[in-house]
Amino acid sequence: MDPISERLRARHPQRIDLSLDRMKALCAALGDPQHRLPPVVHVAGTNGKGSTVALIRAIAEAAGLKVHVYTSPHLVRFNERIRLAGELISDAQLGGILDRIEAVAGQATVFESTTAAAFVAMSETPADLAIIEVGLGGVLDATNVIERPLLSVITPVDLDHAEFLGTSLRGIAIEKAGILKPGARGLVARQSDEAMTAIEEVAQAVHAPLTVMGVDFDAWAERGGLAFQDQERFLDLPAPALAGPHQIANAGLAVAVALELDLPEQAIAEGLQTVRWPARLQRLSAGPYGEAASAAEAELWLDGGHNPHAGRALAIALAERQARAPRPTALIVGMLANKDAGGFFEALRDSDASVFTVPFDGAAAEPEALAAVARGHGLGAQASGDVRQALEHALRLGAGRVVICGSLYLAGEVLGASPETWPV
């Protein structure tokens with residue numbers, strides 16, 4: 001754990017507790033920095049939030065804008081969560097702001113304190129745009145003290161974080177749609193009928209106009225690129241640099257946001273080609289793990305998806321690669337104990353992949369128990385002591401394509417061993 005994370009966990013021991021009361025009080029004690037931000041694009045959803053944020057940021061920066069970004073969780077260093085006008089916040093600046101917050105924080109949680117730190121830093125650093133990613137949910141998320149966003153963005157909604165958001169897709173969609181605000185346009189990814197109905201009801205209640213993928217605009221892969229069409233134009237764009245068919249939809253949503261921001265087509269095309277977002281079907285060729293795979297003439301991929309929806313996206317991406325270049329496939333999987341491992345493995349049932357389960361620091365599922373869940377969903381699985389051991393075993397057995405997946409925390413440990421693979 002890096003020093004900033006250790007400091008926050010030691011001084012803010014309270015676990016996640018969805019509420020806006022503490023956050024409003026903390027912001028008030030700090031002079032309400034959330035009201036002094038540049039124009040805000042607020043992003044909620046279950047999957048694709050980080051990728052969509054990265055795409056919007058890349059396009060905006062290609063257009064010459066100075067952009068603040070707040071995302072979570074981090075992969076290797078806590079500072080990754082706060083980007084100020086294009087640069088990660090420095091240790092010195094973050095430390096100084098945390099000193100100010102801790103003087104007034106009271107019972108604030110780690111995420112509330114972190115979010116307040118982002119708001120303070122962003123309010124004190126000039127920029128043209130702030131892209132703020134919701135941490136959990138929407139209605140009661142700490143970021144939802146933002147009262148007047150320029151745009152609200154909702155990526156695909158699915159089941160996750162059941163212990164906080166429940167198991168009703170309608171309820172989760174209502175929670176995510178809590179970022180919609182009166183008069184601020186909401187841009188919405190393609191959703192299930194149940195989720196979309198709930199989002200539309202919230203939008204109507206708060207008088208937020210919606211622009212919806214599949215209705216008002218759409219995007220699809222075409223001739224190796226990205227085709228985008230809305231009610232006014234058709235754009236023939238390059239494919240996003242992020243791997244996987246699901247990134248076409250994320251890119252389409254980001255393009256719709258960029259057009260709402262009146263960013264030029266040239267910047268949109270450049271941003272799609274230059275975007276980087278680690279641990280989202282990221283190809284690893286450097287570092288100890290990448291070099292070991294390369295020596296065995298195998299592909300190594302890293303993906304932080306950790307719920308059934310992400311498992312389905314990974315399964316589609318693997319099937320597409322297998323159709324182009326068939327190779328024996330292995331999955332090295334570590335997951336938090338509170339995740340729906342069964343749903344994740346069920347999504348990958350038809351991948352014909354061998355599974356090696358591994359631990360990682362934190363509240364990870366026991367590898368033996370995780371392997372049993374995988375076997376229960378038709379996958380051959382065995383427990384390993386760590387990623388290195390699992391990778392060596394998979395390569396010895398002839399795997400030509402290996403994916404380390406199941407958790408962003410596991411992905412962070414892998415990238416931490418390979419610093420050259422993760423700058424964002």
Side-chain angles (χ1 to χ4, degrees), residues 18 39-57 59 69-72 129-161 164-166 168-219 228 230 246-261 277 280 305 307-310 312-313:
L18 296 180
V40 170
V41 176
H42 199 188
V43 183
T46 304
N47 288 303
K49 296 192 301 294
S51 295
T52 302
V53 167
L55 286 155
I56 298 168
R57 172 197 148 208
I59 293 169
V69 182
Y70 179 54
T71 57
S72 60
L129 187 70
I131 310 173
I132 308 294
E133 179 190 353
V134 165
L136 185 62
V139 173
L140 298 177
D141 185 78
T143 65
N144 209 31
V145 294
I146 295 170
E147 297 176 352
R148 293 181 295 276
L150 177 64
L151 298 172
S152 304
V153 180
I154 302 177
T155 69
V157 173
D158 211 295
L159 302 176
D160 198 8
H161 300 292
F164 299 107
L165 303 179
S168 160
L169 186 58
R170 172 179 171 79
I172 291 172
I174 290 172
E175 181 71 23
K176 306 287 187 184
I179 69 165
L180 297 173
K181 299 296 193 304
R185 181 164 296 278
L187 289 98
V188 184
R190 186 176 279 104
Q191 308 286 346
S192 67
D193 290 344
E194 184 178 5
M196 194 64 237
T197 298
I199 292 168
E200 288 172 339
E201 290 174 2
V202 174
Q204 185 174 9
V206 301
H207 304 290
L210 294 183
T211 298
V212 180
M213 190 169 196
V215 177
D216 303 299
F217 70 95
D218 215 338
F228 176 94
D230 62 14
H246 57 290
Q247 295 293 0
I248 295 294
N250 292 334
L253 183 59
V255 171
V257 172
L259 292 173
E260 284 289 338
L261 296 172
W277 194 231
R280 280 73 176 180
N307 54 40
H309 186 273
R312 293 191 291 272

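No hydrogens, no waters, no symmetry mates; every other heavy atom, side chains included, goes into these values. We number each residue from 1, following the sequence as shown.
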Hey, what do you get for [atom1] ([X]) to [atom2] ([Y]), rounding to the nearest 0.5 Å?
X      : Y      : atom1 : atom2 : value
Lys176 : Thr46  : NZ    : OG1   : 4.0 Å
Leu169 : Gln191 : CG    : CD    : 8.5 Å
Leu55  : Arg57  : CG    : CZ    : 10.5 Å
Asn144 : Ile132 : CG    : CD1   : 12.0 Å

Side-chain donor-acceptor distances from residues 195-206 under 3.5 Å, at least two apart:
from, atom 1, to, atom 2, distance (Å)
Thr197, OG1, Asp193, O, 2.9
Glu201, OE1, Arg170, NH1, 3.1
Glu201, OE1, Arg170, NH2, 2.7

Side-chain polar contacts of residues 145-155 - donor-acceptor pairs under 3.5 angstrom, sequence neighbours left out - could you list them?
from, atom 1, to, atom 2, distance (Å)
Ser152, OG, Ile179, O, 3.2
Thr155, OG1, Ala44, O, 3.3
Thr155, OG1, Asn47, O, 2.9

For Val43 and Val41, what are the C-alpha separation, side-chain angles and deciding distance, and is it a side chain to side chain contact (heavy atoms under 4.5 Å, CB included)?
-> CA-CA 6 Å; Val43 183; Val41 176; 4.1 Å; yes

What pairs with Asp216 under salt bridge (Lys or Arg N to Asp or Glu O under 4.0 Å), at least two apart in sequence or on another chain?
->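 None.
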
Taking the side chain from Glu175 and the backbone from Gly137, do they hold a donor-acceptor pair closer than 3.5 Å?
->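 No.
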
Go through the steps for Thr71 and Trp277 under the test side chain to side chain contact (heavy atoms under 4.5 Å, CB included), then give the verdict.
-> CA-CA 11 Å; Thr71 57; Trp277 194 231; 3.9 Å; yes

Out of Ile131, Leu180, Val134, which residue meets the side chain to side chain contact (heavy atoms under 4.5 Å, CB included) rule with His42?
->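 By the side chain to side chain contact (heavy atoms under 4.5 Å, CB included) criterion, His42 pairs with just one of Ile131, Leu180, Val134: Val134.
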
With a cut-off of 3.5 Å and sequence neighbours excluded, list every side-chain donor-acceptor pair involving residues 247-254.
from, atom 1, to, atom 2, distance (Å)
Gln247, OE1, Asn250, ND2, 2.9
Gln247, NE2, Ser51, OG, 3.1

Just grab all the salt bridge (charged side-chain N to carboxylate O under 4.0 Å, His left out) pairs involving residues 205-215, residues at least two apart or on different chains.
-> none

Salt-bridge present (Arg312, Asp158; N to O < 4.0 Å) |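 Answer for the salt bridge query: yes.
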
Which residues satisfy the side chain to side chain donor-acceptor pair (under 3.5 Å) test with [X], sequence neighbours excluded?
X      : answer
Lys49  : none
His246 : none
Ser72  : none

Taking only residues two or more places apart in sequence, or in another chain, which ones meet Arg190 in a side-chain contact (heavy atoms from CB on, under 4.5 Å)?
-> Met213, Asp218

Shortest non-hydrogen contact between Leu259 and Phe228, atoms and distance | CD1-CE2, 3.4 Å

Search all heavy atoms of Gly183 against all heavy atoms of Pro209 and return the closest pair with its distance.
->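 In terms of heavy atoms, the two residues are closest at C-CD, 4.1 Å.
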
